*Asks:* 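Pasting a structure here, questions to come.
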Amino acid sequence: MNAPVLVDTGPIVAILAESDEHHEACVEQLRHIRAPLLTCWPVITEVAWLLRAYPLAIRRLLSSLDGRPFKIAPLNEADLPGNCHDSGQV
């Protein structure tokens, strides 16, 4: 798979936390994905919060934000809840 794969908090936590019940399944899927896992800063913040008791997992998370395997999607004003500039609504 070469297109970026959108990934949320749960799979990232499972990949980084060996004690997570879905760790093995997520790591196995990661072996088949060649493209970056696309995520955003709010997700990274949530992952860091959930893994706060595991400093090694947090270090692995932060060191993996260079596009291998995670790539950060840019967010801007248009992504804010309630923003209707692009939708034509008032």
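Given the structure is predicted, the values throughout are model-derived calculations rather than measurements. For reference, positions follow the sequence shown, starting with 1.
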*Asks:* Which pair of non-hydrogen atoms, one from A14 and one from D20, has the smallest distance, and what is that distance?
*Replies:*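 For A14 versus D20, the nearest heavy atoms are CB-OD1, 3.5 Å.
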
*Asks:* Hey, what do you get for CG (L37) to CG (D8), rounding to the nearest 0.5 Å?
*Replies:*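 Atom-to-atom, L37:CG and D8:CG are 12.0 Å apart.
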
*Asks:* For a 4.5 angstrom cut-off between non-hydrogen side-chain atoms, does T39 reach L6?
*Replies:*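 When only atoms from C-beta onward are counted, L6 and T39 do not touch, as no gap falls below 4.5 Å.
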
*Asks:* To check you understand the geometry: which heavy-atom pair defines the closest contact between I15 and V27, and what is its length?
*Replies:*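 Looks like O-CG2, 4.1 Å.
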
*Asks:* Given side chains that start at C-beta, do those of P69 and I33 come closer than 4.5 Å, heavy atoms only?
*Replies:*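 When only atoms from C-beta onward are counted, I33 and P69 do not touch, as no gap falls below 4.5 Å.
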
*Asks:* If we check side chain to side chain contact (heavy atoms under 4.5 Å, CB included) with K71, which of these qualifies: S64, P4, P36?
*Replies:*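 That would be P36; it is the only one of S64, P4, P36 passing the side chain to side chain contact (heavy atoms under 4.5 Å, CB included) with K71.
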
*Asks:* Report yes or no: do L30 and L56 belong to one cluster of Ile/Leu/Val/Met/Phe/Trp/Tyr joined by side chain heavy-atom distances under 4.5 Å?
*Replies:*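 They do not share one cluster, since no chain of ILVMFWY contacts under 4.5 Å joins L30 to L56.
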
*Asks:* CG/L61 to CD1/I12 distance, rounded to the nearest 0.5 angstrom?
*Replies:*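 Spacing of CG (L61) from CD1 (I12) equals 7.0 Å.
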
*Asks:* If I take atom CG from residue L50 and atom OG1 from residue T9, how far apart are they, to the nearest 0.5 angstrom?
*Replies:*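 With rounding to 0.5 Å, CG (L50) is 7.0 Å from OG1 (T9).
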
*Asks:* Give the minimum heavy-atom separation between A73 and L38, together with the two atoms involved.
*Replies:*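 Heavy-atom minimum between the residues: CB-CD1, 3.7 Å.
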
*Asks:* For A3 and A35, which heavy atoms make the closest approach, and how far apart are they?
*Replies:*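 Smallest interatomic distance, heavy atoms only, reads O-CB, 3.2 Å.
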
*Asks:* Evaluate the side-chain proximity of V13 to W49: yes if any heavy-atom separation is below 4.5 Å, no if none is.
*Replies:*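 No, side chains not in contact.
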
*Asks:* Hey, any chance F70 and W41 share a hydrophobic cluster, counting ILVMFWY side chains that come within less than 4.5 Å of each other, even indirectly?
*Replies:*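 Yes, one cluster joins them.
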
*Asks:* Give me the atom names and distance for the closest heavy-atom approach of L16 to A57.
*Replies:*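 Closest approach of L16 to A57: O-CB, 3.9 Å.
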
*Asks:* Search all heavy atoms of V43 against all heavy atoms of V7 and return the closest pair with its distance.
*Replies:*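 Looks like CG1-O, 4.3 Å.
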
